[in-house]
Every structure is written in structure tokens, then in C-alpha cells.
Amino acid sequence: MFKKILIANRGEIACRVAATARRMAIRTVAVYSDADAHANHVRACDESVHLGGSAPKDSYLRWEKILEAAKATGAEAVHPGYGFLSENEDFARACAEAGLVFIGPPPSAIQAMGLKAESKRLMEKAGVPLVPGYHGSEQGGELLQREADRIGYPVLIKASAGGGGKGMRVVERAADFAAALASCQREAINSFGDDAVLIEKYVQRPRHIEIQVFGDTQGHCVYLFERDCSVQRRHQKVLEEAPAPGMTEAMRKQMGEAAVAAARAVNYVGAGTVEFIVEQRAGEMNFFFMEMNTRLQVEHPVTEAITGLDLVEWQLRVAAGEPLPLAQDQLHIHGHAIEARICAENPDNDFLPATGTLQVYRKPPATAFQRSRVRIDDGVREGGEISPFYDSMIAKLIVHGATREEALARLDLALAQVHIVGVATNVQFLRGVLRTDSFAHANLDTALIERERAVLFDREPLGLPLAAAAAVTRVLRAERSSKTADPFSGRDGWRAWGDYQRPFDFEFHGASQPALLTYRRDGSLWLKVGDTEGPLRTGRFDNGQLEFEFAGQRRTVDVYESGDTAYVFAPEGATRIATIDRLAHAGETQAEGGRLTAPMPGKVVSFAVQAGDKVTRGQPLAVIEAMKMEHTIAAPADGTVEELLYAPGDQVAEGAELLRIATAAATAAA
Ligand code: ADP
Ligand code: ADP
Ligand code: MG
């Protein structure tokens, strides 16, 4: 076995490979870009080498630099992960020439499967079923149009060199073909530097089912069963599971053997995935070869979960020349596994990738009980950045259960425990998908998200009453804790005025939402928000967990704040709510003429300024305590303090003028 390997990748997959290497007592070398200088994958490895700038072409794609790093550190083999150089046959060849083992298939296999059209010609010869289509090398526009007409619409035009869901166009009618072809070719040349296309029959409501295969240098080849990756957006996978719901033993064997035949046709060695598109028609499932990915796949953990194997260990063993650890008849499926890809993206805005700082990043607890059941593969930590340079995937959450139902419930629970603030994510969207009838009943196909659009994008989020009650409780807790430090806290003079009403303004889902909190003479609280009202009892706020009881419902939620926005996470969902501070605004408007008045009856706690001080807009001037809370009165504009009208400890009536300032504007006007 190798003593040291270099991991030519970043993020979760680099961390994932490093974990297995460590377990096998293999030393690891990380490589990194400027943006990744402090990334988790660098910490996960024993040594690291800087490659260059943040853009992939300046770092993770610079293979001469990577080979130099391997030489310099004495690594014997290179693990390419997925993406970047993993399917680059020139890199695989260069590794061999440099005396390094490329942990992947031989360059010839990568090349043979690299172009979709050529691989289809090969598969045709190997007797692997293909989607009816055209995958010839002649690319004349007229010929392609004739072929599309022959195949029959709808057809799918694909960039032969394409990947990652890019470079595909569905064409519904002959009249639209030419324009779609031109646009597909443009994207293909821009993204892949090659405008060759192929045309396929567009399968209606298909399923994407892929087979994990493994080959070794002794000529063994096995399949590690299937993964269903039908739940996609923009032709990219979102949820993956194994085994595929509804898969029969007979079909599993057929597909597995077809995948092994595909791998054998190119003398495959190592981990690979044969992707099939499955047509569901009249209770029958027909599968057709789509492409082969000659690397470890993002969704490999679901296969690991159901087989109990470590695929990276297998990769390392095979690369070191060992035979496959198990034969086909020693492989078995246990239970059901589902993976969810947590991405920095905005589902409400066509899944546009998002960037930002992970202000909060909390994961489900890895208790001993859950360890084997909930797995998180990630390469980030709280405080880290999701930069625009790389993939938008933040983490993968993988769950295992005895049955699909159990796995699904476990995944929903685990997703509820993923708390992310600072970057928009698809976590709530994923939970929505899990709850659709289609997913729950395993009515899977690639159009699932589109079909459930109405439910998914018009989902009932966490309601306003709960969000508002949490926000109010949080404000009250903050005030109470700041008050304990206040020497005047013992004297609650405000009670002399009896019931007091305190208005709140919230911004929730883009709309302004008023709420009214009543402090009753008996010390209890009453909250009215929208059509809901009832007693509010505030409980503990501890380590981000907030307890309260509102309108008869006792709740514990997690709340994180960023500015005036509270991010509320509850078992049924998460939302955010912004508090617009009326008191501050009341102070502002009443201060137009340079006067600052008490917004409600209370007690002056302190002045932060004295007469003659120059102040700038927003600067805190005074703190008054009213209704069991402290409130800061801020300067509405730049100016100079003329006079303080009260002293700390004084009781003031509502509307009482606290201090006078001469604002710059007022001075200029005078
Ligand atoms: P990529 O290299 O981008 O992964 P694939 O050929 O694997 O491209 O196709 C990606 C996805 O596009 C598939 O998972 C499937 O959802 C859809 N797709 C591909 N071919 C067809 C087809 N012939 N009919 C319908 N959908 C297809
Ligand atoms: P709304 O329903 O009020 O429009 P959303 O929750 O849909 O709000 O989010 C709107 C925008 O807020 C998104 O475009 C995203 O950029 C940002 N956003 C959403 N969730 C978060 C979060 N957890 N942390 C930081 N920004 C977020
Ligand atoms: Mg694919």
C-alpha cells in the first residue's frame, strides 16, 4: 500500500479522501489555492502545497504544479477526487510519466468514455442498450436536422463533450431545431471547447438510475448496485438514493451486468459509474446507457451506506495493485440510504448559486446512536466563506435506515438540525421536496421538482405568529440580561402607569407586519400578531435555544441574529424575521427639530454625551428604561449637544424632551 498520497482536489471530497487515508495510515498531501489557504481540506491533510490563485485554472487545474508538489513531497500516488482533473486523460498520462500512480482508470478508459458520442459508438458494439438517437461524427446542420426528424420529437441535443448538466437543449418541434442546435453549439464551444453534438430521443418523465462499478488490474469487475438520482434541478442531481425504489432483482441484475459490460469494453480499472436513463412505460422499465463517469461520484456515500464498504479504500487498494476485496456474490444491500446535497443557492431565484460567510453553520449532533445513521461530508466550517470560485455545494447529508420510509424521516429530522445563516441555501427546499407526495411515495422521475412546483414554491413557511413570538421573546430576553447589569434595575417605576402597550414592526417575507405587546399590571404579557393573540411567556435563552409559550403553545426554537434579523429554526421549518425598531424611529421623527423625547414613560438610565459634545448621526445619546427594557436614543443627524434636560435616575413622562441638539442642517438653515 502507498505510504503517502497527494489529493488533487478541495472541499468535501478532499476531506473525504483524507479521512480514509488516515484510517489506512497513509500520509496525505493537500494542495490549495489562495482562497483555500485556511480551508478544512488543508487541515485534514498532513502536509500542504500552495498552487496559486483562486480561480481553478490558476490552481486546481495546474497539473504541472500538482505533479511538482507530488515529487517534492514524496507522494507516490495522486487522488483526483471528482471534477477538476479527475477525467482528464492527459493528466492521468502525465502522472504515469512522472512515476506517480493516478488513482483512477487508465487514460485510455477515460478517453474512451470522455466524449458522449464516441462512448455511445463503443457501447453499441458492446451490446449495451442506447437511447434511440444519432451519435455520428458528421455534424452538418442539415444532416442533424434530418436525424432529429427521423428520431421523432421531442429530442435532446447534447454537447458530446458536455457534463454537469450543461450543453443540453430539449427540442419539441422540427421548426425549433435549428435555433436550439445553434445555441447548444455556442454553449458547447464556450464551456467545453468542442461544438460536436449528439441527438437523443427525449425520454418522457424518465428516471436516472446509475450503477456503481469497480474493476481491478487482475481483470475482475463487479457492480455495487444502483443509485436513483432522478430528483434533479437544471439536469443536476439534488437527492440521491440507493437502492432505487421499485427495482426488481431481475432488472438490477440486468442493469448491473450491462454496466459491467460497459466497463469491460474499455478495460476499466477503479471506481466508475454507468448512468442509465430509464423509461417507465406501462409498468415496464426500459433502461438505456447515457454516459459513464470515470471517477468517484459525489453521491458515492449512499452506496457505501447500503453496502457497508468504503469506496475510497477500494480505490486505494485497486490503485496499489491489489485485487477487489469482494466478489459479486459477496456484495449485498442493507437497508436504504438517501443523500441530500446542501448547496449555497437560492431556490426561489431559479437556484442561482449564492456566496457569503457561514455566520452560523450547525449540523445534526453526531451522537453515538446516530453515528452510523447520519453522515455529513463537508469541507467547510462556521465562519468560512462560500466563495464564487468553486462549486456551490456546502455539504452532503447522508442517512441510512432499515427502510426508505425510515431513511426519509431521518433525513427530514437531520435537515431540520442543519442551521445555516449568512448564505442562502436549499435546506428548506430539500425538506419541501421530501414532503411532496411524489417523493414520499417514490413516484420518481426527473420532472419531479417541476411537477411539484406549485407545492414547493408556494410552500407554507414557518408562520408569522411563531416567528414574531420568537423575535419578541428574543428582544425581551436581551433586555432582561442587559438590565441585570444595571444598578437601577430594582426600581420598576413604569408599573405606576398600569397596562402598557408596546408596538413592534416586523418585516416578514417582504411585508411589514405589526405586532402589539401588552405589559399587564399583573406582570404578564399579551401578544397580538396578525389574527393570533394570547399570553406570551418567555423562557430560557441558552446557547441559541429559545423557549417561550405563546397562545397556549410551548415551543423551543433555535434563534440566531444578524443585525436586526432573527433566523428562527424550528422542527417544521426555518424562517427569518426582521425587527424594525419603532422606538428608534419614533426618536428620529420626533427629533427632526433637534429635540429628542422619551417615546414612552420610563426612567433615564444614562446619558452618553454632555452639553457641547459634537455627535454624528446614529451615535447613542441616552439610554432610557421603559417597560422592563432599555432603549437607546440615537442621534438622528450630525450636530452638537446643547443641553441635557434630565439626570440619570429621573422618571420621565411619555413625550418628555430629554436633551436638545443643534443639528448641522438646523444650524445651516438658521
Ligand atoms: P451530464 O454529463 O451533464 O451529466 P447526462 O447525459 O448524464 O449529462 O444527462 C444529465 C441529465 O439529463 C440526466 O440525468 C437526465 O435527467 C437528463 N437526460 C439526459 N439524457 C436524456 C434523455 N435522452 N431523455 C430525457 N432526459 C435526459
Ligand atoms: P423572503 O421570503 O423574505 O423574500 P427569503 O428567505 O426567500 O426571503 O430570502 C430572500 C433572500 O435572502 C435570498 O435571496 C437570500 O439571498 C437571502 N437569504 C435567505 N436565507 C438566508 C440566510 N439563511 N442567510 C443569509 N441570507 C439569506
Ligand atoms: Mg451525467
Side-chain angles (χ1 to χ4, degrees), residues 82-83 86-88 110 112-124 128-135 147-148 150-172 180 184 187-188 190-194 196-213 226-241 244 255 259 262 271-281 285-300 339 341 351 391 393 438 444-451:
Y82 53 70
S86 62
E87 293 181 279
N88 184 322
I110 302 178
M113 290 298 185
L115 293 175
K116 291 183 204 287
E118 273 173 40
S119 70
K120 286 197 167 134
R121 295 201 280 270
L122 260 173
M123 291 303 110
E124 202 163 35
V128 179
L130 298 181
V131 193
Y134 171 79
H135 41 260
E147 287 296 331
R150 175 185 63 81
I151 295 161
Y153 296 89
V155 298
L156 185 62
I157 311 176
K158 281 188 194 177
S160 186
K166 270 200 194 157
M168 292 199 279
R169 295 288 183 285
V170 181
V171 188
E172 304 282 350
C184 182
E187 186 171 321
N190 286 335
S191 300
F192 313 108
D194 177 351
V197 300
L198 61 122
I199 306 168
E200 281 178 4
K201 171 103 198 132
Y202 187 64
V203 181
Q204 306 282 337
R205 291 183 58 165
R207 281 169 73 175
H208 172 122
I209 299 179
E210 57 186 35
I211 307 284
Q212 175 72 53
V213 295
E226 75 279 3
R227 294 183 287 256
D228 192 312
C229 312
S230 300
V231 183
Q232 304 181 344
R233 48 117 180 75
R234 303 170 145 202
H235 297 297
Q236 289 170 346
K237 300 158 186 167
V238 179
L239 287 162
E240 298 109 337
E241 59 185 298
M255 288 183 78
T273 296
V274 182
E275 296 188 331
F276 293 101
I277 190 126
V278 176
E279 183 181 42
Q280 317 183 80
R281 200 188 264 171
M285 303 218 279
N286 300 307
F287 64 92
F288 307 104
F289 173 87
M290 220 169 7
E291 64 167 343
M292 179 168 188
N293 294 325
T294 53
R295 53 173 160 84
L296 193 66
Q297 205 100 328
V298 174
E299 58 274 22
H300 76 275
E339 173 181 277
R341 297 192 192 194
F351 302 98
D391 200 279
M393 196 168 74
S438 296
L444 305 176
D445 61 77
T446 60
L448 187 145
I449 288 175
E450 271 311 309
R451 179 168 68 249

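Only this structure's heavy atoms are used, side chains among them; waters, hydrogens and symmetry mates stay out. Indexing begins at 1, ligand by ligand and atom by atom, following the structure's order.
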Quick check for you: to the nearest 0.5 Å, what is the distance between [X] atom [atom1] and [Y] atom [atom2]?
X	Y	atom1	atom2	value
Ile277	Lys201	CD1	NZ	12.5 Å
Met292	Glu275	CE	CD	10.5 Å
Glu241	Asp228	CD	CG	5.5 Å

Please confirm whether Lys116 comes under 4.0 Å of ligand 1, counting heavy atoms of the residue only.
->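 True for this residue.
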
Measuring from the heavy atoms of Met168, does anything fall under 4.0 Å of ligand 1?
->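 The answer is yes, since Met168 has a heavy atom less than 4.0 Å from ligand 1.
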
Any idea which atoms of ligand 1 are less than 4.0 Å away from a heavy-atom of [X]?
X	answer
Glu291	1 (P), 2 (O), 4 (O), 5 (P), 7 (O), 8 (O)
Gly163	1 (P), 2 (O), 3 (O)
Gly162	2 (O)
Gln232	11 (C), 13 (C), 14 (O), 15 (C), 16 (O)
Thr446	16 (O)
Lys201	22 (C), 23 (N), 24 (N)

Give the single entry among Met290, Glu279, His235 that approaches atom 13 (C) of ligand 1 most closely by any heavy atom.
->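 That would be Met290.
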
Option nearest atom 23 (N) of ligand 1 (shortest heavy-atom distance, choices Gln236, Glu210, Glu200) |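 Closest candidate by heavy-atom distance is Glu200.
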
Keeping [X] on the side-chain end and [Y] on the backbone end, is there a donor-acceptor pair under 3.5 Å?
X	Y	answer
Glu200	Val131	no
Arg121	His135	yes
Glu87	Thr294	yes
Ser230	His208	yes

For Arg281, look at atom CZ and say whether over 12 heavy atoms of other residues, nucleotides or ligands are found less than 6.0 Å away.
->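 12 or below, so no.
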
Of all N/O/S atoms in Glu291, which lies nearest to the Mg ion (ligand 3)?
-> OE2

Starting from the Mg ion (ligand 3), look over the N/O/S atoms of Glu275 and name the nearest one.
->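 When I compare the N, O and S atoms of Glu275, OE1 is nearest to the Mg ion (ligand 3).
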
Given Glu210, Arg295, Arg227, the one that forms side-chain hydrogen bond (donor to acceptor under 3.5 Å, both in side chains) with Thr273 | Arg227

Stepwise side-chain contact (heavy atoms from CB on, under 4.5 Å) test for Asp194 and Leu115 | CA-CA 10 Å; Asp194 177 351; Leu115 293 175; 3.9 Å; yes

Judging by distance only, is a nitrogen or oxygen of His208 under 3.5 angstrom from one on ligand 1?
->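 So ligand 1 has an N or O lying under 3.5 Å from an N or O of His208.
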
Any N or O of Val203 that comes nearer than 3.5 Å to an N or O of ligand 1?
->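 Looking only at distances, the answer is yes, because the N/O contact criterion of under 3.5 Å is met.
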
If you look at every heavy atom in Cys184 and Ile157, which pair is closest and at what distance?
->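 What the structure gives for the nearest pair is SG-CG2, 3.8 Å.
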
[atom]: nearest protein contact (heavy atom, Å):
atom	result
atom 3 (O) of ligand 1	Gly165 N, 2.5 Å
atom 6 (O) of ligand 1	Lys158 NZ, 2.7 Å
atom 27 (C) of ligand 1	Ile277 CD1, 3.2 Å

